Asker: 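Below are the structure tokens for one structure; questions will follow.
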There are 2 protein chains.
Amino acid sequence: MNNERNSPKEKQRATIDDVARASGVSNATVSRVLSGYEFVKETTRARVLETVERLGYVANLQARSLAGGRSQIIGLLVPNLDNGYVGTIMQGIDRELARANYDVLLYTSHRHPSKESFYVDAIANGLTEGLLLIAPLVPSTYLDALRGQNFPYVLIDQTDATENSSVVDATNYQGAYEATRYLSQLGHARIAFVTGSLAVRSAIDRLHGYKAALVDCDIPVREELIVEGDYQQETGYEVAKSLLQRVNPLPTAIFASNDLSAFGAMDAARECGLRIPDDISIIGFDDIPQASFVYPKLTTVRQPLEQMGQVAVKMLLEQIEDQSRPPQRVALATQLVIRDSCGSHHLRGNEHEKN
Amino acid sequence: MNNERNSPKEKQRATIDDVARASGVSNATVSRVLSGYEFVKETTRARVLETVERLGYVANLQARSLAGGRSQIIGLLVPNLDNGYVGTIMQGIDRELARANYDVLLYTSHRHPSKESFYVDAIANGLTEGLLLIAPLVPSTYLDALRGQNFPYVLIDQTDATENSSVVDATNYQGAYEATRYLSQLGHARIAFVTGSLAVRSAIDRLHGYKAALVDCDIPVREELIVEGDYQQETGYEVAKSLLQRVNPLPTAIFASNDLSAFGAMDAARECGLRIPDDISIIGFDDIPQASFVYPKLTTVRQPLEQMGQVAVKMLLEQIEDQSRPPQRVALATQLVIRDSCGSHHLRGNEHEKN
DNA sequence: CTGGTTTTTGAAAGCGCTTACAATTTGATG
DNA sequence: CATCAAATTGTAAGCGCTTTCAAAAACCAG
């Protein structure tokens, strides 16, 4: 039974036919065994599996998916990778995907800044079965295209108020509301706010939450205390700095729309000689890993980032399974995480909370 | 010419045959046009391209790579994603890959903690043309397997002292040497050192560089000033804290093996009531994005992370092009980046450098 | 045993593309 | 205009797998 006619150089990888031959069945049977088809005799199944093991056979993905099977790959479009935000979401995505035995084809949204639609086309046309978009800055024409092809996708922390898309995000409005009320309860009345990029939905929601809470707490909304950032640390630093130099009297608290901005604000405050939280309280949003490692530890509104990733994957897989499933929107609850960066405004000095 | 027999539900995607038919040539010709084959008549090429455009045709990757073409995909194995380190390298990888029109299949190394070899098998067998491994913790059996298959791969910031592998890293020894000497020149003689995981090559090299510099500066190497970390911020915090509580007299400087550890050390120092850099200097390694945004801005040894990613990609692509190309090792130069976290030990007080 | 079911398998037709190899055109030369 | 080489295009054989469809085996009641 000598089927070895490999080239001398490199040993050929075993194909399904090799396995079939070696276990004395047809390739169809091997295929059935491998895809968990029900009606295969137990002994045959065992024999095939043994051969697979022995030959170290691994199915060729391209062939499999070409032939109509699944590629077991989903696409993931991310805006960047240099801070923990996206990474944390990806952690959740990865975990859930591993469970379902899927792999990830990674796309960075800045790659083809010009011909974006072509890009998405390529994604949807490639071997991915579905697409996950994290905080996409993509124009909605993108999504229209995907929807047009009935291609499964889920938005995570989405930008657009796109209808008809499945999306997972957090309760941005409520989170911001609570954070603001928390500051108010600590006695703060001059609460500055650093927004995110206002092109982005979450940023707007957080801003609304902030304002609503002020109103409910009988604190006037003062526009000069609201400055526009873009979720970047550096920008957070800059706008906070200029805010602190410009406004008089100083705010006693700064609410930054995300942790990165909050870090920037912390630096700005310190550079202005303000102690945190003694002279000024700072609160963030997201609770990225670094939040608990800056000094002082940042009080922030936690977004369940990992969980968001997981939920998104589940939704996507369901959609892949049943393409007719209507779009779903899920907003996961945020949670105020009290650490050390906020102090009471009544008890100024050093009696701020620690935990 | 009615070839439309699509199911009513979803519009079928155009295939190469559709394009061929629509432009009155054979699919072989279309294929030639698309793969840039030389001997195609200009007018034909134009006609085909026009049709491609019109039909919005995008080649099916699976089919293409099955048929022996390239998949234009490489695998990327990363240890984690929640700090900027890996992300920054990926930025470089992505940029270079985009240039060559490749995509990335992302693998996280923690996914199949048990059957790792199977995992790598699957990678090498899948549709990737090559593999990039960032700071892999993989046992060398992994690599043996890859090498056995003559599968192209490049290690970035590698763990093992594996021979016969292409690897890209930075001049860890020299970087650590310089940083230490810098501290010495500032007048420090009690310089503590927080290592990385000593299972990792870079950590060992940095430790060696530190020690060598001490020797060259006539400073005795004192083991009690060397504590073992693992490149994590939290661990950096813990070991630095216990160091500061244990050692007397206190070190006047801490050299942490990476920025994350340095951030941890900064927190620990502050909690011990030490001012940075007035009471204690802290220096890191890596220069991840956050380094310039912590307070005070971290003086550190810059690793050209993006560039490392780019170089690795170039090497990998070369290897894919010419599989017989022998492994290459490249160490990119590190560079001391002086910011605000180190002060002179002679001029204590507030005359530390700023830039 | 026999006829009818139910299980289990195999044969063969693609999936969409690349790539020899062969056929056809075109062009240049004598 | 015939001839030969070069340029251009078409034909057809897979790549490795899934999946009908139908045949072969196995099983059961009568």
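Keep in mind that this is a model prediction, so the values were computed, not measured. The sequence lines fix the lettering, A, B, ..., with proteins before strands; numbering per chain opens at 1.
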Asker: Would you kindly compare A67(B) and S31(A) by the position of their nearest DNA chain D nucleotide and give the one closer to the 5′ end?
Answerer: A67(B)
Asker: Taking for each residue the nucleotide of DNA chain C bearing the nearest heavy atom, is the 5' side occupied by N27(A) or by R47(A)?
Answerer: R47(A)
Asker: Charged N to carboxylate O under 4.0 angstrom, R47(B) versus E50(B)?
Answerer: no
Asker: Does S26(B) place a side-chain N or O at less than 4.0 Å from the phosphate oxygens OP1/OP2 of dG10(D)?
Answerer: yes
Asker: From CG of N60(B) over to P of dG16(C), roughly how many Å is that when rounded to an integer?
Answerer: 7 Å
Asker: What residues in residues 37-45 of chain A put a non-hydrogen atom under 4.0 Å from any atom of DNA chain C?
Answerer: F39(A), V40(A), K41(A), T44(A)
Asker: Check every atom of dG10(C), dT18(C), dC17(D) against the side chain of I16(B) and return the nucleotide holding the closest atom.
Answerer: dT18(C)
Asker: Will you find, in the side chains of S166(A) and Q319(A), an N or O donor that is under 3.5 Å from an N or O acceptor?
Answerer: yes
Asker: Using whole Å, what does the distance between atom P of nucleotide dG16(C) and atom CG of L55(B) come to?
Answerer: 14 Å
Asker: Rounding to a whole Å, what distance do you find between R21(A):CZ and dG10(C):C1'?
Answerer: 15 Å
Asker: Please work out if V30(B) contacts a base, only the sugar-phosphate, or nothing of the nucleic acid, heavy-atom cut-off 4.0 Å.
Answerer: nothing
Asker: Go through dA11(C), dG10(D), dC17(C) for me and flag the one nearest to the A28(A) side chain.
Answerer: dA11(C)
Asker: Quick check: on DNA chain C, is the nucleotide nearest R32(B) upstream (toward 5') of the one nearest A63(B), or the reverse? Name the residue that is more 5'.
Answerer: A63(B)
Asker: Write down the distance between CG (L34(A)) and P (dG16(D)), rounded to a whole number of angstrom.
Answerer: 16 Å
Asker: Salt bridge or not for R70(B) and E321(B), using N-O below 4.0 Å?
Answerer: yes
Asker: Taking atom P of dC17(C) as reference, at what distance in whole Å does atom CD of Q62(B) sit?
Answerer: 10 Å
Asker: Specify the separation, in whole Å, of atom CG of D17(B) and atom C1' of dG10(D).
Answerer: 13 Å
Asker: Does one side chain, of D82(B) or T88(A), offer a donor that lies under 3.5 Å from an acceptor on the other?
Answerer: no
Asker: Using the side chain to side chain contact (heavy atoms under 4.5 Å, CB included) rule, pick out the option among V40(B), V33(B), T43(B) that qualifies with V48(B).
Answerer: V33(B)
Asker: With respect to the phosphate group of dG16(C), does any side-chain polar atom (N or O) of R64(B) fall under 4.0 Å of OP1 or OP2?
Answerer: no
Asker: Would you say a side-chain N or O of T29(A) is under 4.0 Å from OP1 or OP2 of dG10(C)?
Answerer: yes
Asker: Assess the side chains of Y153(A) and S165(A): does a donor N or O sit below 3.5 Å from an acceptor N or O?
Answerer: yes
Asker: Please give, in whole Å, the distance from dC15(C) C1' to R70(A) CZ?
Answerer: 16 Å
Asker: Are D157(B) and Y85(B) linked by a side-chain donor-acceptor pair shorter than 3.5 Å?
Answerer: yes
